[in-house]
Number of protein chains: 2
Amino acid sequence: MTTSSGETSSGLGQGASTGASKRATILDVAAAAGVSRQTVTRAMNAMPGIRPETRARVQEAARQLGYTPSRFAKGLVQGARTSVGLAIPDLTNPYYPAFASSVVELATQRGWHVVMDDYGHGGATGVESVQHLAPQVDAVIGYLGGAADEAQAILGRRPLVVLDQPAGSASGGITFDYDHAAQTALEHLQARGCRQLAYIDRAWAGADLGAPGSVRAGGPTPGTDPVRGVMTVRGQAFARSAAASGMALTVVVSPESAAAARQVTRRLLEDRPGTDGIVVFNDVMAAGALKALADSGRAVPADCAVIGMDGIPLGELLTPELTTLALDLREVGRAAVELLDGLLTGSLDPGGPGTELLLRHHLVLRQSA
Amino acid sequence: MTTSSGETSSGLGQGASTGASKRATILDVAAAAGVSRQTVTRAMNAMPGIRPETRARVQEAARQLGYTPSRFAKGLVQGARTSVGLAIPDLTNPYYPAFASSVVELATQRGWHVVMDDYGHGGATGVESVQHLAPQVDAVIGYLGGAADEAQAILGRRPLVVLDQPAGSASGGITFDYDHAAQTALEHLQARGCRQLAYIDRAWAGADLGAPGSVRAGGPTPGTDPVRGVMTVRGQAFARSAAASGMALTVVVSPESAAAARQVTRRLLEDRPGTDGIVVFNDVMAAGALKALADSGRAVPADCAVIGMDGIPLGELLTPELTTLALDLREVGRAAVELLDGLLTGSLDPGGPGTELLLRHHLVLRQSA
DNA sequence: GACACATTCGTGAACGTTCACGGGAATCAC
DNA sequence: GTGATTCCCGTGAACGTTCACGAATGTGTC
């Protein structure tokens, strides 16, 4: 029997009952079990080269002391388990959880951990989210809504994959082919016989240009400079697409909520009663539009067709069921994770070829159009 | 000018262009900037006692080398920033994101980080989720769906707050007063004049007892032993409540999805065409029930009233708008975080008084009932 | 009984950072 | 011009764990 040769454990023999004094370290466990550090390590990590009874004794001592290995010490010596930050503007919008779910699943498969930040309640920006995440993660995936360069600067060499915005100096980016989406939707509505089309865009978060619901652009000359900076990228694509095919498209803006969209749509229908086809920025807002159409006594799609955007599960549950430009959100998550994987393993170079993906919406025909 | 006195930096003068060789450490930056470790620390952490030009020089060197301080080394010496794990069975169900959003917000306010795990896609259990989270977090909040004791054992002394399940040996727990909810709903339906009531329960994940939709308990004798273990806690509360007030309640079970609930409801309406009031396990499934009622040509609530459960935003968007037993999910998140806060700061003792909260649903009257 | 070998366990070193302290140079006061 | 004060900056120590190696003990073989 070896007498404990020192190794500077905490002097006090802390009984299991005394409150949270310090924090039990591996040396405390070693002392309590009458073994050395290394043996404790072997016992806790299911390593070979230890007698079963010793292992049991150590584990019991660890349990009694409430010992939990320090993830910091462990990480320091073993080299990081990678943990990725996930910056999301609003978990309340069903679009994001569907995406996040996919990211978490695939990240977990790779043994990564996901640190989630739902910025936006407090009016924080994507960059602030990255700033908050930065000290804790090895990479970030996020819908930042702009300022990719600044975010990448904060992260330094660590990979950043941004979604739905120009990649800029970010390591990678995933964007969506809104021109294709817009063309698909408008063509479909036209083929259905719709003649007076409208697009409901999301109002810029910061901007407060005119009352919500005010008509932004009518007639065949959208896409001109004054419009830029007011419309979202999606809105610009719709304006371009309408102009290209010579259709008239009324563009209105609405805050990003079903209730707001309902109100805006109601006003739109008063201003332009002949509207017979509406495309909406996202499915949640489209649900509001459907409500407004019902309010006004119109039948959908007979009197007015509606197309949403995103393809969240909610759409199927609405009445009428929502036709939508769907994005396969699990696929988007997969693209983001695989892109990040490539960047982390080095098989992809930041900003290099293959780091900017363009994904397409596809039209899911249901009842509303 | 001090000549670099050694301090064992990496021997190679790694140019900024060479690939990811090792990882730049604080010593590399110090050497590159011609200063010491401590000065680098001061520069990176905005500490006083450093000349502005020196700070700039160090920061430039850090930038060029792509230096990122090791969170492990930092955490090791500074004592942990707390990071909490959030175990969630299914982010796809709108119930959970609403809750998670609240948790993330309040945790962020406290300077915590949230490591999210959406277990359940791969058929994992809550305990496995905790096992995955454990090495990375200082505490866990989660909907584990059982096995709280086992989960607490994995975490040792670290706090565990479980929701919607008996706390067992967990540090804290938040449960819901389903008896009150059931009574509220059933009384409301009865007052409305409903006489043939049904409750659609969620089928147990693992169990496959009988075809989905089979009638489990009819008549006035539910709550007996054979039923236990088949019905959820919510189901049992409804059975109890119905029995207590002498109402007849048909209980059927359905997998947890709108589509499944739709099918189950359809079958229920064939079996018991006189059903004129239905309560459903959650809002998503209630949406399916509404669809089934529409399919069968019934008017809601005239022919049959429907009450959902949870109070997710989706309910407002359905047609008819869903009456529901709502839970204020932000409040639930707040309760969980505050409980955890108390446990972490020591103002609350694990399992002690004030660690088991009972929250109540309130009936939100909309159109469906 | 001597040797090789397997099994079990312990000790120095290292991971990268911050804290506590101390030293040197410049500035100020008189 | 001496001492006190301030401003910068550097060095030992420590955080808690694992890795690499070596020591001690037991087990088998001839």
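For clarity, every value in this text was computed on a predicted model and none was experimentally measured.
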(message) What contact category does M44(B) fall into here, base, sugar-phosphate, or nothing, at under 4.0 angstrom with non-hydrogen atoms?
(response)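 No contact at all - M44(B) keeps every heavy atom at 4.0 Å or more from the nucleic acid.
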(request) Remember a base hit wins even if backbone is also touched, and classify Q38(B) as base, sugar-phosphate or nothing at under 4.0 Å, heavy atoms. (result)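 Since a base atom lies under 4.0 Å of Q38(B), the category is base.
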(request) Taking the side chain as every heavy atom from C-beta outward, state whether W112(A) and V337(A) have any pair of such atoms under 4.5 Å apart. (result)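 Side-chain contact under 4.5 Å: yes.
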Below 3.5 Å between N/O atoms, which protein atoms pair up with nucleotides 22-27 of chain C? Just atom names and distances, please.
none

To the nearest 0.5 angstrom, please state how far the [atom1] atom of [X] sits from the [atom2] atom of [Y].
X: S171(A); Y: L155(A); atom1: OG; atom2: CG; value: 7.5 Å
X: Q64(B); Y: D28(B); atom1: CD; atom2: CG; value: 13.5 Å
X: D118(A); Y: L91(A); atom1: CG; atom2: CG; value: 4.0 Å

Every protein N/O within reach of nucleotides 14-17 of chain D N/O, cut-off under 3.5 Å:
| unit_1 | atom_1 | unit_2 | atom_2 | d |
| --- | --- | --- | --- | --- |
| dT17(D) | OP1 | Y67(A) | OH | 2.6 |
| dT17(D) | OP1 | S70(A) | N | 3.3 |
| dT17(D) | OP2 | T25(A) | OG1 | 3.1 |
| dT17(D) | OP2 | I26(A) | N | 2.4 |

(message) Using every non-hydrogen atom in the two residues, find where A139(A) and L340(A) come nearest and quote the distance to one decimal.
(response)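 Between these two residues, the closest heavy atoms are CB-CD1, 3.6 Å.
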[X] side chain vs [Y] backbone, donor-acceptor pair below 3.5 Å:
X: S102(A); Y: R330(A); result: yes
X: T108(B); Y: D117(A); result: no
X: E128(A); Y: T125(A); result: yes
X: T345(B); Y: D341(B); result: yes

(message) Going by side-chain hydrogen bond (donor to acceptor under 3.5 Å, both in side chains), name the residues that satisfy it together with D164(B), two or more places apart in sequence or in a different chain.
(response)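 With sequence neighbours excluded, D164(B) shows a side-chain hydrogen bond (donor to acceptor under 3.5 Å, both in side chains) to Y178(B), R234(B), given in chain and number order.
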Using atom names, set out every protein N or O paired with an N or O of nucleotides 25-28 of chain D below 3.5 Å, distance rounded to 0.1 Å.
none

(message) If the test is side-chain contact (heavy atoms from CB on, under 4.5 Å), which one of I154(B), D149(B), L144(B) qualifies with V127(B)?
(response)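 By the side-chain contact (heavy atoms from CB on, under 4.5 Å) criterion, V127(B) pairs with just one of I154(B), D149(B), L144(B): I154(B).
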(message) So if I take residues 48-55 of chain B and measure heavy-atom distances to DNA chain D, which residues fall below 4.0 Å?
(response)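 Of all residues in residues 48-55 of chain B, the ones placing a heavy atom under 4.0 Å from DNA chain D are G49(B), I50(B), R51(B), T54(B).
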(message) Is T39(A) close enough to dC9(C) that one of its side-chain N or O atoms is under 4.0 Å from OP1 or OP2 there?
(response)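 Answer no for this pair, as no side-chain N or O of T39(A) is under 4.0 Å from OP1 or OP2.
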(request) Take atom CE of M47(B) and atom C1' of dC8(D), then tell me their distance rounded to the nearest Å. (result)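 Atom CE in M47(B) sits about 14 Å away from atom C1' in dC8(D).
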(message) Going by salt bridge (Lys or Arg N to Asp or Glu O under 4.0 Å), name the pairs with one or both residues in residues 131-146 of chain B, residues two or more places apart or in two chains.
(response)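 Qualifying pairs, neighbours excluded: R71(A)-D138(B).
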(message) What I want to find out is whether E60(B) reaches R57(B) closely enough, with some N-O distance under 4.0 Å, to be called a salt bridge.
(response)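 No.
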